[in-house]
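Order of the sequence lines fixes the chain letters, A, B, ..., with proteins taken first and strands second; residue numbering starts at 1 for each chain. None of the values given here were measured: they were computed from a predicted structure.
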Protein chains: 4
Amino acid sequence: MRLSIEAVLDYGFPAPADVLLQLEVAALPDQRLEAQSLVIESDHPIRAVAGEEGIGQRCWARAERRLVARYAATVVIDRASVRLDVLPATPAALLPAATIPYLFPSRYCESDRFEYFVRRTFAGLGGGALAVALADWVRTHLDYASVPPGGGALHTFAERRGVCRDYAHLLVALARAAEIPARCVSVYAPDVDPPDFHAVAELWLDGAWHLLDATGMARTDEMARVGVGRDATDIAFMTIFGSADLWEQRVRVTRLDQERSERSGVGM
Amino acid sequence: MRLSIEAVLDYGFPAPADVLLQLEVAALPDQRLEAQSLVIESDHPIRAVAGEEGIGQRCWARAERRLVARYAATVVIDRASVRLDVLPATPAALLPAATIPYLFPSRYCESDRFEYFVRRTFAGLGGGALAVALADWVRTHLDYASVPPGGGALHTFAERRGVCRDYAHLLVALARAAEIPARCVSVYAPDVDPPDFHAVAELWLDGAWHLLDATGMARTDEMARVGVGRDATDIAFMTIFGSADLWEQRVRVTRLDQERSERSGVGM
Amino acid sequence: MRLSIEAVLDYGFPAPADVLLQLEVAALPDQRLEAQSLVIESDHPIRAVAGEEGIGQRCWARAERRLVARYAATVVIDRASVRLDVLPATPAALLPAATIPYLFPSRYCESDRFEYFVRRTFAGLGGGALAVALADWVRTHLDYASVPPGGGALHTFAERRGVCRDYAHLLVALARAAEIPARCVSVYAPDVDPPDFHAVAELWLDGAWHLLDATGMARTDEMARVGVGRDATDIAFMTIFGSADLWEQRVRVTRLDQERSERSGVGM
Amino acid sequence: MRLSIEAVLDYGFPAPADVLLQLEVAALPDQRLEAQSLVIESDHPIRAVAGEEGIGQRCWARAERRLVARYAATVVIDRASVRLDVLPATPAALLPAATIPYLFPSRYCESDRFEYFVRRTFAGLGGGALAVALADWVRTHLDYASVPPGGGALHTFAERRGVCRDYAHLLVALARAAEIPARCVSVYAPDVDPPDFHAVAELWLDGAWHLLDATGMARTDEMARVGVGRDATDIAFMTIFGSADLWEQRVRVTRLDQERSERSGVGM
């Protein structure tokens with residue numbers, strides 16, 4: 001699957017502020033960048049640093065009055081679809097060091113509060129079957145709706161509605177409560193409605209990370225990962241150390257194969 | 001400074017559980033291990049994995065009915081005392097990638113909730129002078145007292161009392177709110193009263209991590225680091241994936257140089 | 001139904017403290033006191049004040065070193081069992097002034113956080129049918145288990161276990177979220193296991209308050225009300241303005257009719 | 001002091017909703033109504049019910065599409081200014097029954113979380129001197145600034161800024177933590193900037209309720225009380241059982257004596 005990605009951020013700043021951007025698709029074995037450009041309008045030098053786990057990268061910018069960032073990329077996703085429900089559970093002692101922090105609660109994934117709920121509600125399930133059951137639970141018990149930001153999984157669990165970030169937080173919290181390493185991933189994907197940056201979960205099952213979108217909006221073989229982390233704090237496309245006003249924000253993700261086939265269809 | 005360290009954990013388990021231990025002093029340039037032994041009584045194989053940031057290590061154990069761990073070490077600490085208050089602030093854009101996660105809020109360090117408080121209360125201060133002022137604030141506004149565990153920095157900020165973990169959480173949260181990378185560190189140190197595992201903060205100032213104990217109990221040149229992380233979730237000496245009863249827990253940290261000089265003093 | 005009630009409280013006080021006791025069965029049309037005695041051992045005068053809504057009474061005591069209270073009563077309960085599920089919903093505008101505070105969230109019944117959940121999960125239900133559905137939901141989604149005190153309905157909603165107080169808080173919060181006035185009630189009742197002070201909910205339906213025990217342990221026609229209020233803060237059998245150690249606490253509630261019939265059975 | 005009060009509410013309703021209005025100045029010994037009119041545009045009958053503690057009144061309305069309420073009143077305030085700092089503390093056992101609920105924590109005044117802070121910070125103070133010290137603390141430690149609604153005293157304590165409601169919540173919570181009965185009061189007052197409904201605290205000292213505005217914006221002898229209660233939930237000028245859009249809201253409070261004296265001044 002080839003995806004064309006465009007994103008524009010335009011923010012106003014009442015006072016100068018440091019800004020950390022994380023917009024670029026990460027180069028990874030299952031997603032190959034054909035072309036990519038990030039233009040940040042700024043009087044100050046921009047500095048890039050590696051992302052969490054060495055996946056992708058972030059850019060530091062200094063915003064004065066206004067910050068405009070334009071991102072464009074073409075990405076080829078080559079990710080096999082995996083049947084998760086048959087994957088076995090990994091014994092804790094076999095978890096690699098790098099997955100261990102993803103067993104712990106984080107700012108917006110208070111997994112320590114869901115241990116009994118998970119044990120009680122999903123008794124008898126483990127590994128991939130449990131992962132799929134947790135994602136199903138989140139999808140069927142939440143409604144997709146705009147809510148004030150700032151709540152974590154515990155908030156969403158009672159609120160029963162939210163956006164992609166909230167779905168991801170809750171799934172990640174439930175998975176960790178079940179002793180499955182789980183992290184949040186920012187992605188670009190087509191069909192996200194309304195079009196926007198998207199957040200999904202990634203669970204460690206049978207020796208590998210597996211993408212899981214509890215909203216059901218994005219297909220596993222059509223997501224381009226940007227960054228990974230413990231929750232929304234780590235994967236925010238923009239972290240502002242200060243305050244800012246949103247002037248414009250636009251994300252557009254298009255399937256190129258489909259366009260081409262449609263075009264060739266037209267040509268026939 | 002040479003330290004002799006002994007720790008014993010003895011816990012009962014009503015049901016089998018995975019246990020993650022993090023008890024061993026990390027080998028680091030400023031702390032050298034002369035001798036070290038960790039004995040875990042278990043019918044199951046123990047597996048070691050690297051700690052956060054590659055610092056120190058953790059051990060996975062499987063506990064059935066009872067888990068006993070005995071740790072002993074001799075460590076030479078060779079850490080120069082640094083005058084923190086004169087260290088300059090590091091511009092955000094110069095922060096290394098590895099320090100960036102320590103700018104973000106975590107489960108028990110809700111730094112997002114203290115931004116205005118820090119700006120209002122410590123206006124005009126930056127870098128090391130701010131770090132010292134924050135540590136002073138925490139030390140003079142909290143009383144050292146046993147409290148039910150589970151509260152984070154926000155809880156402690158109102159409660160105005162707690163143990164070393166609570167002091168560290170609050171200092172770390174305030175530092176992050178001031179855009180200073182800050183992490184929690186588990187250490188062994190003499191003079192901790194009552195003797196126990198100890199938790200302190202580490203702040204990134206002028207290109208290096210600097211230890212800061214807001215309780216004032218441990219001297220910088222007498223702490224032996226075990227592990228680092230975002231908050232108590234990452235640096236717990238024992239994480240139990242299930243429940244357990246504390247049967248015995250004992251920590252003893254002794255200055256060897258002092259003992260020797262005392263002994264030779266006696267001989268004179 | 002005639003009930004014999006005995007309660008003993010024996011607490012130690014490290015420092016003198018004001019104590020508010022609320023132990024006495026309230027005299028109400030559906031529960032008649034045949035005999036009652038409350039003895040509080042104290043060097044200070046005891047003063048009684050009316051309870052919330054003028055129901056029952058509280059006693060102020062001043063505790064120094066130790067407070068012992070002994071309560072005994074014989075109560076005749078004459079309360080018709082009502083089929084709640086057929087009661088119609090009361091339009092808000094017809095609610096009496098005294099019920100309105102019980103529509104609002106309180107310290108441990110954060111009803112504002114459950115509005116969408118209730119609307120989504122119980123769509124189409126109203127009045128008594130909704131009240132019964134809410135109580136069923138609480139009973140089937142919680143397990144009765146001892147938990148650290150201090151959590152409210154929101155905590156219990158995720159924790160999925162608790163004691164009578166937690167069941168009552170959650171039912172009350174859900175009812176208020178559905179625009180049904182709901183209050184907490186402390187009661188004595190037989191069959192509470194383990195025997196203790198008991199807390200239940202009372203919902204305003206079709207022009208009257210109706211008792212509802214989401215734990216299912218107490219029968220409506222066997223509860224002797226002590227006090228009412230917004231949540232556990234109002235109905236605590238003892239509120240300590242300071243700290244105290246529990247030395248002994250014992251509650252015994254016995255059906256007298258049953259005893260008598262058993263005895264006469266023996267005599268035959 | 002004579003005050004002229006005008007208030008207009010104009011709200012849109014996406015779906016029909018019950019609305020509880022509490023806009024009218026209460027008739028009380030220290031505030032006498034010369035004239036008063038409340039006009040609510042509605043197709044449904046409006047029903048008035050008594051307010052909390054029998055003070056003032058509320059109106060139930062049924063809103064469909066739009067709700068407009070216009071209130072106008074002329075009130076004579078005759079309230080002696082009292083020097084609070086010399087008032088003695090009231091022993092708990094002498095508190096009237098009606099003040100006791102105001103010792104307890106409520107939804108937005110989590111007084112249980114501030115007991116140690118108050119004891120530690122204001123040691124040695126009691127009664128009116130403590131009340132004044134608490135109000136001073138709140139005024140000097142908070143900045144008046146618009147913040148997202150929904151936070152309680154605990155939130156405000158860390159946030160260090162807020163509006164009148166937040167100041168009142170924090171003062172009330174601190175007072176209750178000090179065993180002083182404290183309630184929230186909605187008032188009209190001149191000089192509130194920007195002009196709006198206003199919320200203040202009322203503390204029970206030396207046998208009477210005393211108004212205290214921690215924001216310092218309203219003078220005690222110029223406040224016209226509307227309603228009282230445990231916190232913002234009880235004293236909201238409008239409680240919407242559903243959702244609504246603010247179209248217009250305007251409050252105007254003018255000193256009539258001043259106007260007249262100014263006018264007569266001009267005439268001289």
**Item:** Interchain contact, C/Thr239 with chain D, by part (heavy-atom threshold 4.5 Å)
**Value:** side chain
**Prompt:** If you look at every heavy atom in C/Ala97 and D/Ala50, which pair is closest and at what distance?
**Reply:** CB-O, 3.4 Å
**Request:** Tell me, for C/Arg119 versus chain D, whether the close heavy atoms (under 4.5 Å) come from the side chain, the backbone, both or neither.
**Result:** neither
**Prompt:** With a cut-off of 6.0 Å (strictly less than), are more than 12 heavy atoms of other residues, nucleotides or ligands near CZ of D/Arg65?
**Reply:** no
**Fill in**
Given D/Val19, D/Ile46, D/Asp234, the one with more heavy-atom pairs under 4.5 angstrom with chain C than any other is D/Asp234
**Request:** Please name the pair of heavy atoms, one in D/Leu94 and one in C/Arg47, separated by the smallest distance, quoted to 0.1 Å.
**Result:** C-NH2, 3.4 Å
**Prompt:** Contact part of C/Arg176 toward chain D, heavy-atom cut-off under 4.5 Å: side chain, backbone, both or neither?
**Reply:** neither
**Item:** Top of C/Ala61, C/Ala98, C/Pro101, C/Cys109 for chain D proximity - count of heavy-atom pairs under 4.5 angstrom
**Value:** C/Pro101
**Message:** What part of C/Glu110 gets within 4.5 angstrom of chain D, counting heavy atoms only: side chain, backbone, both, or neither?
**Reply:** both
**Asked** Can you tell me how far the CZ atom of D/Arg58 sits from the CD1 atom of C/Ile100, to the nearest 0.5 Å?
**Response** 5.5 Å
**Message:** With a 4.0 Å cut-off on N to O distance, would you call C/Arg107 and D/Asp231 a salt bridge?
**Reply:** no
**Asked** OG of C/Ser106 to OH of D/Tyr108: how many Å apart, nearest 0.5 Å?
**Response** 10.5 Å
**Request:** Below 4.5 Å from any heavy atom of chain D, which atoms of C/Leu95 appear? Answer side chain, backbone, both or neither.
**Result:** both
**Asked** Does D/Phe241 reach the side chain of C/Leu103, with side-chain heavy atoms less than 4.5 Å apart?
**Response** yes
**Contact leader toward chain D among C/Glu115, C/Glu52, C/Arg230, C/Glu179, where contacts are heavy-atom pairs under 4.5 Å** = C/Arg230
**Over all atoms of both residues, closest heavy-atom pair of C/Phe104 and D/Leu20** = CZ-CD2, 4.0 Å
